[in-house]
Amino acid sequence: MAKGTKLVIGISLILVLIVAVFARLNRDAILAVREAQENEAFVVRAGDNIFTVSMEDVESLSPADVSANYKTSGLAAETRLYQGVSLRLILEYLGIPLSDYTTAYFYAADGYASALTMEEAMDSDNCFIVISWDHQSLGTKENGGSGPFMMSLPRDRFSQRWCKFLLEIALR
């Protein structure tokens with residue numbers, strides 16, 4: 001066997017080993033997110049703590065009507081009436097110390113991610129976890145919806161930092 005071939009095989013084996021190690025290390029986190037999605041829930045990571053927030057948890061916090069400007073590519077913006085709970089209320093419900101973090105990252109089932117400073121994320125009048133539109137379920141990605149959860153910023157004129165198909169919020 002040629003020296004170059006041995007080198008390629010050796011590097012390939014090392015890369016496979018590295019991927020296997022990282023997959024093992026992230027297994028619990030991946031399982032928590034997958035389980036949350038299947039059960040109409042999302043995950044909140046705060047440091048080493050992982051919380052699962054169910055639809056029932058959000059509904060128990062008395063979702064309020066939220067009027068927001070919704071804009072999609074190529075279409076005019078329209079005002080929609082959503083129902084949701086402020087992120088601040090959810091984090092307080094979970095008992096997460098808000099002063100411990102500087103940034104909130106939002107991750108979606110379709111791979112999209114959005115980041116907010118904690119100051120933006122804790123604005124009770126502007127950062128919401130939405131569960132319905134016009135009192136109808138958001139639906140899931142699989143059935144053409146935008147949920148079951150979505151992070152919405154009503155003051156974002158063009159809906160550019162919203163996060164449909166919300167699966168995870170990571171506080172750092």
Side-chain angles (χ1 to χ4, degrees), residues 22-23 25-72 80-133 136-143 145-172:
F22 280 111
L25 291 173
N26 289 313
R27 183 177 62 103
D28 292 339
I30 292 167
L31 291 175
V33 170
R34 184 175 294 141
E35 181 180 331
Q37 183 179 21
E38 291 170 0
N39 295 319
E40 280 198 327
F42 62 92
V43 171
V44 175
R45 291 178 199 275
D48 293 333
N49 299 310
I50 299 175
F51 303 88
T52 300
V53 180
S54 69
M55 184 65 75
E56 291 78 26
D57 292 328
V58 175
E59 289 171 342
S60 76
L61 296 172
S62 303
D65 285 343
V66 179
S67 180
N69 207 26
Y70 182 76
K71 170 94 172 91
T72 59
R80 289 187 175 181
L81 184 65
Y82 293 97
Q83 291 72 44
V85 175
S86 73
L87 177 60
R88 177 183 206 98
L89 185 59
I90 291 171
L91 298 181
E92 288 172 349
Y93 169 78
L94 295 173
I96 296 173
L98 306 178
S99 61
D100 289 356
Y101 305 98
T102 60
T103 310
Y105 297 89
F106 300 85
Y107 299 100
D110 63 356
Y112 180 80
S114 184
L116 302 176
T117 65
M118 282 304 281
E119 183 178 339
E120 291 175 296
M122 294 302 96
D123 183 343
S124 295
D125 295 326
N126 192 45
C127 185
F128 292 90
I129 303 304
V130 171
I131 60 170
S132 60
W133 169 41
Q136 301 293 316
S137 167
L138 293 177
T140 63
K141 185 176 187 308
E142 292 74 27
N143 68 15
S146 58
F149 300 97
M150 175 171 62
M151 183 274 288
S152 152
L153 299 163
R155 289 189 206 127
D156 181 359
R157 279 185 44 191
F158 301 107
S159 318
Q160 292 178 335
R161 297 190 308 158
W162 292 25
C163 186
K164 300 184 299 185
F165 320 118
L166 180 66
L167 285 180
E168 179 181 346
I169 300 169
L171 305 176
R172 296 191 182 117

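Bear in mind that the values here come from a model prediction, so they are computed numbers and not experimental data.
A 4.5 Å side-chain heavy-atom check between N39 and T52 finds every atom pair outside the cut-off. Looking at heavy atoms from C-beta onward, V44 lies in side-chain contact with I96 at the 4.5 angstrom threshold. A 4.5 Å side-chain heavy-atom check between M122 and L91 finds at least one atom pair inside the cut-off. With contacts defined as side-chain heavy-atom distances shorter than 4.5 Å, the pair L166/M150 does not qualify. Between Y105 and R172 the shortest side-chain heavy-atom distance falls below 4.5 Å. Between L153 and E120 there is no side-chain heavy-atom pair separated by less than 4.5 Å.
Y70 contributes atom OH, which lies 8.0 Å from atom CH2 of W133 (distance to the nearest 0.5 angstrom). Between N69 atom CG and S152 atom OG the span is 10.5 Å, to the nearest 0.5 Å. To the nearest 0.5 angstrom, C163 atom SG is 6.0 Å from M151 atom CE. Interatomic distance, E119 CD to N126 CG, rounded to the nearest 0.5 Å: 11.5 Å. Atom-to-atom distance recorded for R88:CZ and D125:CG is 10.5 Å, nearest 0.5 angstrom. Interatomic distance, L94 CG to L89 CG, rounded to the nearest 0.5 Å: 9.5 Å.
Taking both residues in full, the closest heavy atoms of Y107 and A170 are given as CE1-CB, 3.9 Å, listed atom of the first, atom of the second, then distance. Summarising the geometry of P154 relative to S67, their closest heavy-atom pair is CB-O, 3.6 Å, with the distance given to 0.1 Å. Heavy-atom minimum distance, L171 versus A46: CD1-CB, 4.2 Å. Taking both residues in full, the closest heavy atoms of W162 and Y112 are given as O-CE2, 3.1 Å, listed atom of the first, atom of the second, then distance. Listed here is the closest heavy atom pair of P148 and E40: CB-OE2, 3.9 Å. The heavy-atom pair separating G84 from V66 by the smallest distance is N-CG2, 4.4 Å.
A donor-acceptor pair under 3.5 Å is formed between the side chain of S114 and the backbone N or O of R161. A distance-only check finds a donor-acceptor pair linking the side chain of D156 to the backbone of Q160 [under 3.5 Å].
Between F149 and F42, the ring planes are perpendicular. Angles over 60° get that label, and only those under 30° would be called parallel.
Of the N and O atoms on the side chains of D57 and S54, at least one donor lies less than 3.5 Å from an acceptor on the other residue.
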